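Following: one structure in structure tokens, then a few remarks.
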Amino acid sequence: MKKRVFSGIQPTGNTHIGNYLGAIKQWVASQAEYDNIFCIVDLHAITVLQDPKLLKSQTRELAGLLFAAGIDPEQSVLFAQSHISAHAELAWILNCLSPMGWMQRMTQFKEKADKQKEQVSVGLFTYPALMAADIVLYDTDLVPVGEDQKQHLEYTRDLVQRVNSLYGDDTLKMPTPSIPQVGARVMGLDDPTKKMSKSEDKPNHAVNLLDPPKVILKKIKRATTDSLRDIRFDPERPGVYNLLSIYQGFTGQSQAKIESHFEGKGYGDLKKELGEVVVEGLKPIQTRYAELTADPACLDSLLAQNADKIRPIAERTLKRVQEKVGLG
Ligand code: TYM
């Protein structure tokens, strides 16, 4: 039996090369080895206010983008979270089993709450319980994610242990995070001390997967570096380190090979070559995306069919938990 992989991505804004290198690329690369379920997490998206029409179209477009990036419908199930109500139902139970203190430790919430102040939603606070529900509903073994989701995965594992110690070891399966060696934390091009993020709207912050070649080249050309010269993987120099890591993520070459390639060259050369590598890497995705989204109804019906396929797995787990807890 193949191990079960589950992961998710929010249909909010522009999907960027951080999402690609940290998550999507590894989902695609290991598809044949596992039994895969990938989820467009629209319920997570509404933890901040969304335009209803836009949310629907972004869900469909993200499905197109993931298929274009290489998610193979023969090997992986891609669906929208809100199509399976068991996610929200299990999340409620898990909310009730989560100690408040565990949630209060989540750094991602603290960062977002700092920005949104009193307007921050209760849903954003309990977001990790919904994420835990997503994962455990499918008896997941492995969760491939970028570095920023590590704390949410640790919370999920603590919660599984707590639930199993309360209701029996066979209640929930313990998942393991899988974080890539390269590209787990792509930083902002404008500020390499901050994670590349969808919610940052500065023009030169992120390279989006659907950016035209000209825009990609321009954004990389403007990336923040430093006033030194040599091109090395030195974490003390976050700008150059970030550019080299993106280069490594797209080419798959070793650090030593990349450093020797750039020996004696300047930052201008690094930016030019990186721009070309990223443009070339994204070109096939962009071409397929245009073909796939030409028929939106087809994507909608594929998402609906996929949800129908896996709903019984989620419902079985929900029932098991409900019985253990004394519900239903
Ligand atoms: P989201 O939509 O923010 O990001 C999707 C995936 O992209 C990764 N990622 C990055 N990787 C490297 N560098 C970056 N700058 C970068 N930014 C984002 C994320 O780590 C993620 O793997 N909470 C999740 C979605 C989710 C989920 C789940 C994931 C909901 N339920 C269950 C796994 C399992 C999120 O908001 O991802």
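Here the structure is a predicted model, which means the values were calculated and not measured. When a ligand or atom number is given, it counts from 1 through the structure's own listing order.
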Output a table of donor-acceptor pairs, distance under 3.5 Å, between side-chain atoms of residues 7-15 and any protein atom two or more places apart or on a different chain; print 'none' if there are none.
from  : atom 1 : to     : atom 2 : distance (Å)
Ser7  : OG     : Pro144 : O      : 2.8
Gln10 : NE2    : Tyr127 : OH     : 2.9

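- Minimum interatomic distance between Ile285 and Ala68 (heavy atoms only, all atoms of both residues): O-CB, 3.5 Å.
- The side chain to side chain donor-acceptor pair (under 3.5 Å) analysis of residues 230-239, with sequence neighbours excluded, yields the pairs Asp226-Arg237, Asp230-Arg232, Asp230-Arg237, Arg237-Tyr267.
- Salt bridge Glu200/Lys194: absent, no basic N to carboxylate O contact under 4.0 Å.
- For Asp190, the side chain to side chain donor-acceptor pair (under 3.5 Å) criterion is met by His205, not counting sequence neighbours.
- The immediate protein surroundings of ligand 1, defined as residues with any heavy atom under 4.0 Å of it, consist of Phe6, Ser7, Gly8, Ile9, Gln10, His16, Gly18, Asn19, Gly22, Ala23, Val41, His44, Tyr127, Met131, Asp134, Ile135, Val143, Val145, Gly146, Asp148, Gln149, Gly183, Ala184, Arg185, Val186, Lys195, Met196, Lys198.
- No more than 12 heavy atoms of other residues, nucleotides or ligands shown are found within 6.0 angstrom of NZ on Lys3.
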